[in-house]
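Shown next, in structure tokens, is the structure this report addresses.
One is the number of the first residue; the rest follow in order along the sequence.
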Amino acid sequence: MSTRHDLDLNAFEAILKAEKAKIEKNIALIKVELSSIGMDGELDEILDMAEIEIENSTDHMLLEKLEMELDEINAALNRIALGNYGICEKTNQPIPIERLKVNPTARTIVGE
């Protein structure tokens with residue numbers, strides 16, 4: 001299927017780019033936080049070390065999730081550039097506009 005003419009691709013691109021900027025900012029903040037863990041002074045209590053380990057683990061999981069979201073946004077922006085945004089990767093049919101409004105990075109039709 002060719003480029004969809006029933007979508008405002010500029011609007012979807014703007015939404016994706018705004019979300020991308022937010023995610024990139026959050027990724028940068030988490031990386032700064034991760035690099036500063038343990039640099040605030042001596043850790044002399046087991047409780048402090050355990051708390052830092054929990055925060056570190058949480059930050060790593062959040063960072064991984066954000067990086068995966070960023071990959072999906074970049075893939076959607078690439079589909080816009082290639083002209084196949086909004087086309088189901090499995091069926092080659094148009095993804096419903098309402099689905100794209102809820103999930104602009106959608107690759108497939110629900111249930112497919």
Side-chain angles (χ1 to χ4, degrees):
M1 180 170 233
S2 62
T3 302
R4 293 199 40 188
H5 299 289
D6 61 333
L7 296 177
D8 182 353
L9 294 178
N10 291 329
F12 281 104
E13 184 175 25
I15 291 166
L16 289 163
K17 285 182 175 181
E19 188 63 23
K20 179 179 177 173
K22 266 196 294 188
I23 289 174
E24 288 174 336
K25 180 181 176 185
N26 289 334
I27 287 172
L29 291 172
I30 291 171
K31 286 182 176 181
V32 166
E33 184 176 320
L34 285 170
S35 68
S36 68
I37 290 178
M39 301 179 112
D40 295 336
E42 293 292 320
L43 295 176
D44 54 5
E45 295 185 27
I46 293 174
L47 187 57
D48 287 341
M49 290 171 49
E51 185 177 319
I52 286 174
E53 184 61 34
I54 290 169
E55 289 176 13
N56 189 11
S57 176
T58 301
D59 285 346
H60 278 289
M61 287 189 309
L62 182 56
L63 181 61
E64 185 176 314
K65 182 181 182 300
L66 289 172
E67 288 174 338
M68 288 186 334
E69 288 178 26
L70 185 60
D71 288 346
E72 286 300 314
I73 289 170
N74 285 330
L77 289 169
N78 189 50
R79 289 192 299 276
I80 288 173
L82 293 174
N84 58 3
Y85 179 79
I87 306 299
C88 179
E89 292 179 355
K90 293 181 179 180
T91 65
N92 211 29
Q93 297 299 310
I95 297 171
I97 293 173
E98 291 305 315
R99 173 158 167 71
L100 292 170
K101 286 180 181 178
V102 173
N103 180 9
T105 61
R107 293 174 178 260
T108 60
I109 296 171
V110 176
E112 295 295 324

Is L62 linked to L70 within one hydrophobic cluster, defined over Ile, Leu, Val, Met, Phe, Trp and Tyr using a side-chain heavy-atom separation of less than 4.5 Å?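 The answer is yes; both residues are in one hydrophobic cluster.
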Determine whether L63 and I73 fall in the same hydrophobic cluster, where Ile, Leu, Val, Met, Phe, Trp and Tyr are linked whenever their side-chain heavy atoms lie under 4.5 Å apart. yes
[X] to [Y] - nearest heavy-atom pair and separation:
{"X": "G86", "Y": "R4", "answer": "O-NH1, 2.7 Å"}
{"X": "V32", "Y": "S35", "answer": "O-OG, 2.8 Å"}
{"X": "P104", "Y": "A76", "answer": "O-CB, 4.0 Å"}
{"X": "I109", "Y": "P94", "answer": "CD1-O, 3.6 Å"}

Enter the distance from L16:CG to L77:CG here, rounded to the nearest 0.5 Å.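 The CG atom of L16 sits 5.0 Å away from the CG atom of L77.
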Say you draw a straight line from SG of C88 to CD1 of I95; how long is it, rounded to the nearest 0.5 Å?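 That separation rounds to 5.5 Å.
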Under the rule for salt bridge (charged side-chain N to carboxylate O under 4.0 Å, His left out), what residues qualify as partners of [X], not counting sequence neighbours?
{"X": "K20", "value": "none"}
{"X": "R107", "value": "E72, E89"}
{"X": "E98", "value": "K101"}
{"X": "E13", "value": "K17"}

Sequence neighbours excluded, every pair satisfying ring-ring contact (aromatic ring centres under 6.0 Å, His included) that has a member inside residues 56-83: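 Checked against ring-ring contact (aromatic ring centres under 6.0 Å, His included) - neighbours excluded - no pair reaches residues 56-83.
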Any ring-ring contact (aromatic ring centres under 6.0 Å, His included) pairs touching residues 84-104, not counting sequence neighbours? F12-Y85
For T105, is there any backbone N or O sitting under 3.5 Å from a side-chain donor or acceptor partner on R79? yes
Looking at A11, is its backbone amide N or carbonyl O close enough to the side chain of D8 to form a donor-acceptor pair, meaning the two atoms are under 3.5 Å apart? yes
Ignoring hydrogens and angles, write down the donor-acceptor pairs under 3.5 Å from the side chains of residues 22-31, residues two or more places apart or on other chains.
{"residue": "K22", "atom": "NZ", "partner": "E19", "partner atom": "OE1", "Å": "3.3"}
{"residue": "N26", "atom": "ND2", "partner": "K22", "partner atom": "O", "Å": "3.4"}

For D71, the side-chain contact (heavy atoms from CB on, under 4.5 Å) test, sequence neighbours excluded, returns none
Contacts of N10 meeting side-chain hydrogen bond (donor to acceptor under 3.5 Å, both in side chains) (sequence neighbours excluded), chain-then-number -> none
Do I97 and L7 have side-chain heavy atoms sitting under 4.5 Å apart?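 Result yes, sub-4.5 Å side-chain heavy-atom pair found.
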